[in-house]
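Working notes, beginning with the structure itself.
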Protein chains: 2
Amino acid sequence: MLAKSSTELVRQQNSALVLSALRRHGRLAHTEISDATGLASATISSITADLERARIIEKSEQQATVGRGRPRVLFSQRRNCGYLITVIISSDLIQYSLVDYAGTLLDRFSESRGEGGTAAFLAAISAGLERAVERSRIDRGSVLLVSVSSKGLAHPSEAVLVWSPVFGSQPVDFAAALKDGWHAKVILNNETLLVAGALLERQVKMQGGGEPVLAALSLGHSIGLGIARRVAGGVPEVSAPNFGHMLHMPNGGLCRCGARGCVEAYAGFYAILRAAFEVPVDTIPAKFVPVAEIDKIATRARQGNRMAQLAFRNAGAALGYGLSRLLSLHGHMPVFITGPGTRYQDLLQAGIEEGLAQTHVVRLGGMPGLTVVPDEPSLVFEGHLNLAFSIVDQDIIGSRQSMQAAGE
Amino acid sequence: MLAKSSTELVRQQNSALVLSALRRHGRLAHTEISDATGLASATISSITADLERARIIEKSEQQATVGRGRPRVLFSQRRNCGYLITVIISSDLIQYSLVDYAGTLLDRFSESRGEGGTAAFLAAISAGLERAVERSRIDRGSVLLVSVSSKGLAHPSEAVLVWSPVFGSQPVDFAAALKDGWHAKVILNNETLLVAGALLERQVKMQGGGEPVLAALSLGHSIGLGIARRVAGGVPEVSAPNFGHMLHMPNGGLCRCGARGCVEAYAGFYAILRAAFEVPVDTIPAKFVPVAEIDKIATRARQGNRMAQLAFRNAGAALGYGLSRLLSLHGHMPVFITGPGTRYQDLLQAGIEEGLAQTHVVRLGGMPGLTVVPDEPSLVFEGHLNLAFSIVDQDIIGSRQSMQAAGE
DNA sequence: AGCTTTTTTCTCGACAGTCGAGAAATTAGA
DNA sequence: TCTAATTTCTCGACTGTCGAGAAAAAAGCT
């Protein structure tokens, strides 16, 4: 059933619109907000007055005015309206970043992730968050959102890691672990989902439109994939299908997930290693492979070693076939390749194209755009901020009583 | 960018809500509408008055009142507010149905689809529509929407068939063909997409919720797949991925689409025929296989013939592997199997389950529900009505001037 | 300095919509 | 005939958007 609407919801929607314009462009004057949102000047007056009363935005001290006329007053988010902590979990490190409500990075540090089970892991993260607020002497209560990212499968609605390379199908419940002590909301997303979201937002910013859908493919020890699309109304929608563990070949090589024949079992770093050294495909995969090891194989391949070349080519083919299936099931879209594996793009490319070329979608729609985007970490962080702030803004506006109460 | 909102949009949204409640439950009284939509009684008064003035709904003559109190006045759509024609294209027939605005079927007839190219085909459909309005003596101008369905790939936004079993990648542009002479809107959707939509709507009606996502798989000469999900706000979202021509096996059997190794090239009727008679897999597929032919193979399989059994088992496996990939890329969801191929379910089942069992998603989420739903044609028609009326209602409400003009 | 021009922000009244409360309508039963 | 029950309708309060024009404030010109 559809939802009913009301005048109050209209104000909420339009307030969100104003805040998102502020997010996109930074400080804006009254007229600029009006232009960006399409709302009438009078409406902007009313909304900004509300938001200012509620201590969400503030007039920033006006910069040197240029031109004649009444000087503009620029609005921007109140920095200490609240804070956001992003937690980026990788195979060896956990990186914490503290960001204020205006989006500026206040503090960042990393801790190596220890051994132990999920309980110890969650405790470590809890301690890390503690450390983050202590270092910056911030009130715990003013942390509005903790945004966590990891490889693996995140639950679509709750902050639970359903499957991960390290803990397997043992669930990791971030929401439960940070329930007491923190009244902040916790969200968890797949890392490559964030990359896809960041890439889409970049496209919107660059050319104000562009293709409304794209895929991000992250190559490394494991294989990640995110899809981002702008649906009707301009709202971005992101998802992270289980691409790395989609079936590539029935009864194929053993994968870290325990299944056989996954894409990752052919295209992940450990799989390339396994193939290059002609180890049987049902060998238990290596826990961790240093990049230097893969670099060596790549060098041999570039020098003409057939076995090394074949390992990369087969990895590429696994990706290519997988992508062809992705396009079949999600429609034609450009693919952006990122992650440490992009340095072997020259060795993978042929296999990828071979895998793609055969299928019906590609014959119909042509070869999809394949673009290498090297700087994955900053994309991940960007994705965190995009998603987190859209949620924070929504929440702040949604809790009307905060806007009323602060106003009296 | 998000869209701005206004009080007028609120009215539109709530009017749509009222109309959709009327669609779901048939005639409703003032209070019932209020209950169903959650809108205040006063709002219902205002909206129904508007819609009545605009000659979109009408008070139906009250039925025998039951109980005390002021008698209810029931609202329903004005039957002759407009008409809808559905065109269901199958491999040998084209079926036309004329439906009035209240959703009752006024007329239905079928014509055999002739030979010839796309131009002749479109001309035949144009003539068929002509015949539909003549038979019922209806004004062409009062046909609000023509809803066409076919197997194959429909363009996501325009009424163009991008690929079809019969015409291949030669595009069939319904919108262009019916541009002059008809001022009705034309929409085109994949047949199995409509089935998925109908199944979702049935679930909503039955248990007022249920799983928010499902897949419909249609087995026949070709393989169709539709996905339907209820997204935030309760709006249904449907899509028809190119499942039948997703890659099943690299360098595999020749498919009707010209590519090699598609799912259909193993699970379509012609593929089962090919496998049962041990014809080489690169044989040009048969144009059309009578069901009787496949029935014979099924009988042999049930009597113990190994080759026939294998043909079905391999078809099942192709479907199972395909479904496992579907679940990997679209998340876990129940699958409803329909189409003429369901009569061989006993022979396919083992292969399907074998194909599904191996993968990571299934290991994590368990075997998806596999339900056979036999009556495909009525699902297709239901899907047509659901989708078409939601569009028609939206359009009628959207064109405000019609509501104002009729009111003076 | 004082006036004009220009640009931006703010304010006011008109208009559209929803909601709650209670009035009006209408029937069944005492 | 009266009363209770039930539904529909109406009124005023409230929230929200919008256009027009007033007010503010700086730069340029005389």
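Proteins come first, then strands; the chains are lettered A, B, ... in the order of their sequence lines, and each starts at number 1.
- Summarising the geometry, the separation between CG on Leu9(A) and P on dA16(C) is reported as 21 Å, rounded to the nearest angstrom.
- Across the protein-nucleic acid pair, His30(B) atom NE2 and dC19(C) atom P stand 12 Å apart, rounded to whole Å.
- Taking a pair as Watson-Crick or G-U with both hydrogen-bonding distances under 3.5 Å, the stems of three or more pairs touching DNA chain D are C:1-30 with D:1-30.
- Summarising the geometry, the separation between CG on Leu39(B) and C1' on dG20(C) is reported as 14 Å, rounded to the nearest angstrom.
- OP1 or OP2 of dT8(D) has at least one side-chain nitrogen or oxygen of Thr31(B) nearer than 4.0 Å.
- Judged by distance alone, the side chains of Ser5(B) and Arg11(A) never bring a donor and an acceptor atom under 3.5 Å apart.
- At dC19(C), one or more side-chain N or O atoms of Thr43(B) fall inside 4.0 Å of OP1 or OP2 (strictly under the cut-off).
- The nearest whole Å value for the distance from the CD atom in Gln12(B) to the C1' atom in dT18(C) is 16 Å.
- The number of heavy-atom neighbours closer than 6.0 Å to CD of Glu52(B), taken from other residues, nucleotides and ligands shown, is above 12.
- The residue among Ser6(A) and Lys59(A) whose nearest nucleotide of DNA chain C lies closer to the 5′ end is Lys59(A).
- Using a 4.0 Å cut-off between a side-chain N of Lys or Arg and a carboxylate O of Asp or Glu, Glu237(B) and Arg230(B) do not qualify as a salt bridge.
- Here Ser41(B) lies in heavy-atom contact (under 4.0 Å) with a base.
- The phosphate of dT7(D) has OP1 or OP2 within less than 4.0 Å of a side-chain N or O from Arg72(B).
- Each of Thr7(A) and Glu32(B) lies near DNA chain D, and the nucleotide nearest Glu32(B) is the one positioned closer to the 5' end.
- On a pure distance criterion of 3.5 Å, a polar donor-acceptor pair joins the side chain of Arg70(B) and the base of dT8(D).
- In this structure, the separation between CD1 on Ile57(A) and CG on Leu74(A) is 11.5 Å, given to the nearest 0.5 Å.
- Residue whose closest nucleotide on DNA chain C sits further toward the 5' end, between Ser5(A) and Phe75(A): Phe75(A).
- Applying the 4.0 Å criterion to OP1 and OP2 of dG17(C), one finds that Asn14(B) has every side-chain N and O outside that range.
- In the model, His30(B) has no side-chain atom that pairs as donor or acceptor with a side-chain atom of Thr48(B) under 3.5 Å.
- Using a cut-off of 4.0 Å between Lys/Arg side-chain N and Asp/Glu carboxylate O, Glu201(B) and Arg24(B) are scored as salt-bridged.
- Rounded to an integer number of Å, the gap from CD1 of Ile44(B) to C1' of dG17(C) is 13 Å.
- Salt bridge annotation for Glu32(B)-Arg27(B): absent, with no cationic side-chain nitrogen under 4.0 angstrom from a carboxylate oxygen.
- Going from atom CG of Asp35(B) over to atom P of dT8(D) covers 10 Å, rounded to whole Å.
- Taking atom CD of Glu8(B) as the reference point, atom P of dG17(C) lies 5 Å away to the nearest angstrom.
- Judged by atom type and distance alone, Arg11(B) does not reach the base of dA16(C) through any side-chain donor-acceptor pair under 3.5 Å.
- The CZ-C1' distance, from Arg68(B) to dT8(D), rounds to 18 Å in whole Å.
- Under the 4.5 Å side-chain criterion, counting only non-hydrogen atoms from C-beta, Ile56(A) is not in contact with Gln77(A).
- The phosphate of dC19(C) (OP1 or OP2) has a side-chain N or O of Lys4(A) nearer than 4.0 angstrom.
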